[in-house]
Amino acid sequence: MIQILIDSLIRAAELALLGVGLTMVYDVLRFPSFAHVEFGTVGAFIALTISLALPFGPGSSLVIAGIVAMVAVGFLGVATDRAVFSRLRGNSPILLLIASFGVGIVLRFGAQAIWGANAQSYPLPLMRPWLIGDGRLTPSAAAIIVVALVTMLLFHFVLNRTTLGIAMRATADNKDLAEASGIFTERVIRLVWFVGAALAALGGVMLGVATQLHTNMGFEIMLPVFAAVILGGIGNPYGAVLGALVVGFAENIGLAINWGSLASALGLATEDFLFIPVGYKAAIPFTLVIIMLLLRPTGLLGEKRA
Amino acid sequence: MSAFLVYLITMTGIYGIMSLSLSLQYGQTGLVNLGQVGFFMVGAYVSAIGSTILGWPIALAFVAGVLGGALFGVLMALPIGNLRQDYWAIVTIAAAELVRVIFLNTNLGSPYVGASYGITGIPSPLQGVLGGPYYGYYYLALVAACLLGCYLVVQWVSRSPFGRVLKAIRESDEVAQALGKNVRAARIWTMAIGGAIAGLGGALFSHFLGFIDPTYFMPLETFLVWAMVILGGAGNHLGALAGAIIIQLLYNGTRFIGFGEEYASLGASLRMVLIGVLIILVILYLPRGILPERRRRYGVRDAAGR
């Protein structure tokens, strides 16, 4: 049982880091960016290159490399906004969405051209996991959960207690009104891109620490991230965190449940043990999204917008 | 060389059918279907399963593929019929991935059929009568006939009163609703017609290659079809065909730029970067495509009454 809790929290940490930026960009610019997860891929690979070049131990090298990658990808996010999205302000969200699809392709295959199509991994040493009940927690897994938790608390503080956060929320709420109140909304939008892309890069590094690095890693986690964001209510950062927890637990619990007794009670199957095969794991977040859209399209914490 | 040319033209024809389908969905109705490859896969698999495992006549398998695509379109549209287009984008891309995940993990009949093994020995139509060195030309004629048929169907739908409802929905679903049109039903019908056309494309694809597996149906295919429609000019079906020809030329023509054996994967990545950049440039500088839609104006007269 504790193992499921640990696995779910790791998954939720990755999803939350990638989802918060996505939902922020949506909140301010009103389109779902299909390029967002690719910032995670690029960030993970930049961190790999830097950490291999640094002379320190593998752990501290990765910490420094991760921070540098976050800043670099943050600027990359601002650059894509300047180059593409800022020229499309005021256009229909559909056009922006398709442009983001194109940007995502460029980022993903650009990364593949630079770092190759083979899977790689961070040079972290093998560490003995701590035993907690029947669960095993490796130090790197613990680090992922702690990093995500601290980042989310920081983010909450920035959003609520700083002028920057208030300007961000004002711009998201009503851009014209924010502008009239003396907020330079273009600067806020640039900051949203910076913070969102940097958080995505952090999410990408965490994803790489948990498993491996691959140029498809961003695309593969895109649908669960969107599922988390929609579940929580698209445009709401707290909703994205809540959605990440729901998706993280649903994926792991869904695979761990023995559906045999339920299936035989319904007369569908006669096996005593019936588990969802791991290959179908990708179907779980999607099913959640469909149910959510049918019942409450605005998400758990979403409010209806004009 | 001429065999390769025939292959290339046949594939261009199949992609032309796909882009006509998307042209109806996005160009005419404004539906952001990022799961276009899902239709293609359903059509290809249903037709392949019908003609190999179930032993149906090929004509029946084709019809089943077309109906399968239409049914998938309806299923995809049902939960999201009333929602905004950003939700469409996410749900359709997820639905296509779900189809791929299911086919990737499900054996069909025996242990080495279906799943990642794919389906082999898919028969070609009329091989007994027309088989021989010129069979490629006959199949090309079949694809061309289907392409022409699809073009006529799409044009006919667009010119009909129903087509004008679709255009009204594209411009503003609220206006269409205010005029008493059933927006949800019209969207579902569009997905059914678009799905049927793309399903036909999939059936033609599987019987052309004789072998399919899930790697042929990656989300990248959807992106290529989108590139065709955007480049050609959304809303102009002839433009969709022009886009299909250009993107196919670009995609296959760049194969011959010598990168050498060891850089083959680099070449493949750069090719996708190129197409991504092209799409972004078209959206930025030529948003209506190379063959823009001819917009009819109703009841606009100048002061002289002309």
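Protein chains get the first letters and strands the later ones, always in sequence-line order, with residue 1 at the start of each. Values below: every heavy atom of this structure, side chains too, minus hydrogens, waters and symmetry copies. What you see is a predicted model, and the numbers here were worked out from it, not measured in a lab.
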*Asks:* Taking only Lys NZ, Arg NE, NH1 and NH2, and the carboxylate oxygens of Asp or Glu, determine whether D81(A) and R89(A) approach each other closer than 4.0 Å.
*Replies:*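 Salt bridge between D81(A) and R89(A), a charged N being under 4.0 Å from a carboxylate O: yes.
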
*Asks:* Report the option among G276(B), S269(B), P287(B) that has the most heavy-atom pairs separated by less than 4.5 Å from atoms of chain A.
*Replies:* S269(B)

*Asks:* For chain A, which candidate among L274(B), N82(B), L220(B) shows the most heavy-atom pairs at distances under 4.5 Å?
*Replies:*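 Among the listed options, the one with the most contacts to chain A is L220(B).
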
*Asks:* Check whether V91(B) gets within reach of chain A through its side chain, its backbone, both or neither, counting any heavy atom under 4.5 Å.
*Replies:* both

*Asks:* Can you spot which of I275(B), L224(B), L231(B), I245(B) makes a side-chain contact (heavy atoms from CB on, under 4.5 Å) with L250(B)?
*Replies:*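 Of all the options given, the one that passes is I275(B).
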
*Asks:* Please check if any side-chain donor atom of Q248(B) sits under 3.5 Å from a side-chain acceptor atom of N252(B), or the reverse.
*Replies:* yes

*Asks:* Run the ring-centre check on F85(A) versus F31(A) and record whether the distance is less than 6.0 Å.
*Replies:* yes

*Asks:* Nearest 0.5 Å, please: how far is OH in Y26(B) from CD in Q36(B)?
*Replies:* 13.5 Å

*Asks:* Let me know if I114(A) has heavy atoms under 4.5 Å from chain B in its side chain, its backbone, both or neither.
*Replies:*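 Neither part, no heavy atoms under 4.5 Å.
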
*Asks:* Heavy-atom pairs under 4.5 Å with chain A - which of I230(B), L34(B), N105(B), T106(B) has more of them than the others?
*Replies:* N105(B)

*Asks:* Need one label for A234(B): side chain, backbone, both or neither, based on atoms under 4.5 Å from any heavy atom in chain A.
*Replies:* neither

*Asks:* What's the shortest heavy-atom distance between F34(A) and M222(A), and which atoms?
*Replies:*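 Shortest heavy-atom contact: CD2-CE, 3.5 Å.
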
*Asks:* Is there side-chain contact between L22(B) and M228(B), with at least one heavy-atom pair below 4.5 Å?
*Replies:*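 When only atoms from C-beta onward are counted, M228(B) and L22(B) do not touch, as no gap falls below 4.5 Å.
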
*Asks:* So which heavy atom on I90(B) is nearest to which on P32(A), and how close?
*Replies:*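 Heavy atoms only, the tightest pair is CD1-CB, 4.2 Å.
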
*Asks:* At a heavy-atom separation under 4.5 Å, does I80(B) approach chain A through its side chain, its backbone, both, or neither?
*Replies:*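 When you check distances to chain A, only side chain atoms of I80(B) fall under 4.5 Å.
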
*Asks:* So for L95(A), is it side chain, backbone, both, or neither that comes closer than 4.5 Å to the heavy atoms of chain B?
*Replies:* both

*Asks:* Under a 4.5 Å heavy-atom cut-off, does chain B meet the side chain of A227(A), its backbone, both or neither?
*Replies:* neither

*Asks:* Output the residues of residues 277-285 of chain B for which the shortest heavy-atom distance to chain A is under 4.5 Å, in residue-number order; output 'none' if no such residue exists.
*Replies:* V277(B), I280(B), I283(B), L284(B), Y285(B)

*Asks:* Taking the inter-plane angle between the rings of F39(B) and F72(B) on a 0 to 90° scale, is it parallel (under 30°), tilted (30 to 60°) or perpendicular (over 60°)?
*Replies:* perpendicular

*Asks:* Might you point out which heavy atoms bring S23(B) and A240(B) nearest each other, and give the distance in Å?
*Replies:*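 Between these two residues, the closest heavy atoms are CB-CB, 3.7 Å.
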
